[in-house]
Amino acid sequence: MYDRSSLTGLESDVRTVSEAWFRHDDHTSVEHFVCILPFRYFKFDAHDRYAGSTRYEMDTLFRVFVLKECHGWDYETELVEYLDRYPGLCEQLGLETVPNQSTLWRSWYKRFTTEFRRTVETAARTILIKAQNADVTVPRDPKRHHPSQDDEPDKSDPEDQAVLDEAEPITDHVSRFVFPAFSLKRNNGCEIHENAYWDLQTYLGLRERLAANEGARSFVYESTRDRTPLGHAHREHIRDLSVSGIREMYRQAVNRLLNEVAETEQFFRAGIVAIDITEADPFTGDRTGYEDEIIGTKEQTDQYAYQWATVQLVGNAVPIVLDARPVRKGESRLKLVEDLLDSAEELVHVDNVLMDREFDSQHVLEMLSQRGLSYVVPKRMQTSEKAQAKRLLKRGTDRYETDRKLHLGKNEWHETTLIYRRKKDSEHDDYRQYSVFMSNFGSGHLTEYGYRWEIESGYRSIKRFMAATTSKDFGLRFFYFAFACLLYSIWRAVDLLVQVELTGEYERSPIVTADNTLTLLKKETGIG
């Protein structure tokens, strides 16, 4: 997945090993972990600015500075004094003598690259969080923002340039970490590097409604790569991917993305998810032979379109798309929801599920209750609901709850609560002033249903990131949608990380724009 000098790979290994190590009951020391973490596989030379022999090896200095960051010391003097007091620790770190303050200062600022210093800080923060998650005593609280020595002194009121300056290295880091989860599974020895295909796909998302052929021709001139793929070759490789393979790669990429944002206190790897279906632009061509894939629209018009379903974090969480899948003709909503929830629950802890009224099947609701999940789903108003709404209107009642049993078959029933809510400033003067919701936790979760709007606004951004195509190939169409979901999720993750870095807090309204992120991804992929 990574070469031996990859800092992203090093950070990934620190995360994986620390999580497993601290699970053992007898592993109760952060300092001991720093001393024993294996580095023999990693090539430090690529990040060493010094030439020739030196007294202290890079791997030893890496451990020393990770120790410093774990304690949160601002100056090298505190580190030196600590090492002087504990000669046994020096021996475990591989130090024959304690370096003086000036040697450590030069190592940090002159010998280490900027990217390597950032990896030291990331590794220390990861170790502290994994230790704390395992109830191990830690030298300092990793959840507070501990600025590095070369941070700007005051970031409490970020301006646009500060946001961009902070977003650039984060976008670079996240993209290098996430994109390797995708693979075309080509043979070794291919002349065009696989990353060039992902660069081209990202490039197609940079320009609205740009198709592969036209995009590939422009990419030749705007890319810094010597060799770039042709449009038809790009499409052929994408068409070789199966839908199941695309989904598996997507889930791996999102899991990596979640691991990155999970390092922050502000990210909650639990909460509310929304499941919904979106559709591509109406299909106007001949769909003969594709009737199972180019299906009717959600509004049941005489138009046809490809449809995609997603499960996405909403509410106070960063709105990352956890999984996506195509919708085929005849698929039951029960199987679709089960499939998406299986994926979501592998990545996060789900408490509450929000869905649109097209999912108001009693079998879907029963499945959610069997999983121990709460739900809020609008109900399509039938004769009995319309009659009840008319009675409420006559009485001037704005809100009403009643229990209802929904028949599952074979004398089995699903118990739910119907909640009638009157709309303010409705344009109607009859029963349509009311909306009816179903919930297995009463009206307590009804206010959360407003979070569902985030998935609709997310779809608008996702479609902005999609490459254009007239191809009927189902796998190609789905890949374009899934990759757009990934670009959207990267944007929202980068925004969270930037907000936390600059302000120590996270607000759902992004300060990093989608265009900012795409521009930075453009720089990272070597375009322009």
Side-chain angles (χ1 to χ4, degrees), residues 171-172 174-176 178-186 190 192-243 245-247 249-250 253-254 257 278-281 283 305-306 308 310 321 324 326 458-494 513-528:
T171 305
D172 172 82
V174 168
S175 61
R176 286 189 292 113
V178 170
F179 285 155
F182 279 81
S183 172
L184 293 174
K185 297 178 174 56
R186 300 184 304 158
C190 295
I192 300 177
H193 196 283
E194 184 168 299
N195 287 349
Y197 289 87
W198 309 132
D199 290 355
L200 175 56
Q201 190 66 41
T202 304
Y203 178 74
L204 298 178
L206 298 176
R207 310 288 179 83
E208 197 162 1
R209 309 302 302 165
L210 185 62
N213 279 347
E214 180 185 354
R217 287 193 292 269
S218 301
F219 189 56
V220 170
Y221 300 103
E222 296 200 48
S223 173
T224 57
R225 293 184 177 276
D226 294 331
R227 295 290 304 275
T228 59
L230 298 174
H232 72 274
H234 179 76
R235 290 196 308 274
E236 286 176 5
H237 283 300
I238 300 301
R239 281 197 290 261
D240 287 340
L241 300 174
S242 65
V243 168
I246 294 168
R247 291 186 67 193
M249 291 188 294
Y250 183 87
V254 169
L257 197 59
T278 189
E279 56 198 29
D281 293 336
F283 186 85
Y306 292 91
W308 322 113
T310 64
V321 180
Y459 282 149
R460 287 194 293 271
S461 295
I462 288 167
K463 291 175 181 178
R464 157 70 178 83
F465 297 154
M466 284 184 67
T469 183
T470 58
S471 172
K472 296 180 187 177
D473 187 274
F474 200 47
L476 177 71
R477 287 265 186 173
F478 175 61
F479 179 84
Y480 279 9
F481 177 76
F483 201 86
C485 288
L486 182 62
L487 293 178
Y488 170 80
S489 299
I490 288 174
W491 163 38
R492 299 311 299 256
V494 166
T513 68
D515 285 342
N516 289 157
T517 304
L518 288 177
T519 300
L520 295 173
L521 282 172
K522 180 177 176 180
K523 292 178 65 176
E524 160 58 19
T525 52
I527 305 165

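When a residue number appears, it is its place in the shown sequence, counting from 1.
- F219 and P229 make their closest contact through CE2-CD, 4.5 Å (heavy atoms, listed as atom of the first residue, atom of the second, distance).
- Closest heavy-atom contact between A211 and L204: O-CD2, 3.5 Å.
- Considering every non-hydrogen atom in both M249 and S183, the closest pair reads SD-N, 3.1 Å.
- Across every non-hydrogen atom of I246 and G475, the tightest pair is CD1-O, 3.7 Å.
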**OP:** Might you work through the side chain to side chain contact (heavy atoms under 4.5 Å, CB included) test for L520 and D172, ending with a clear yes or no?
**Re:** CA-CA 8 Å; L520 295 173; D172 172 82; over 6 Å; no
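- Applying the salt bridge (Lys or Arg N to Asp or Glu O under 4.0 Å) test to R227 and every residue at least two apart in sequence or in another chain returns E191.
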Original post:
Can you check side chain to side chain contact (heavy atoms under 4.5 Å, CB included) on T228 and I192, steps first, answer last?
Top reply: CA-CA 6 Å; T228 59; I192 300 177; 5.9 Å; no
Under 3.5 Å, side-chain donor or acceptor atoms of residues 476-490 against the rest of the protein: list the pairs with distances, not counting sequence neighbours.
from	atom 1	to	atom 2	distance (Å)
R477	NE	S471	O	2.7
R477	NH2	S471	O	3.2
S489	OG	V321	N	3.1
S489	OG	C485	O	2.9

**OP:** I would like to know whether Y459 and E279 meet side chain to side chain contact (heavy atoms under 4.5 Å, CB included); could you show each step before the answer?
**Re:** CA-CA 9 Å; Y459 282 149; E279 56 198 29; over 6 Å; no
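- For the side-chain hydrogen bond (donor to acceptor under 3.5 Å, both in side chains) with R235, the lone residue among D240, N213, D473 that qualifies is N213.
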Original post:
Hey, mind stepping through I238 and Y197 against side chain to side chain contact (heavy atoms under 4.5 Å, CB included) and telling me if it holds?
Top reply: CA-CA 9 Å; I238 300 301; Y197 289 87; over 6 Å; no
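- With sequence neighbours excluded, the residues forming a salt bridge (Lys or Arg N to Asp or Glu O under 4.0 Å) with R247 are D323, D339, listed by chain and number.
- Taking CG of L184 as the start and NE2 of H237 as the end, the distance is 6.5 Å to the nearest 0.5 Å.
- The minimum heavy-atom distance between A467 and Q201, with the atom names listed, is CB-NE2, 4.0 Å.
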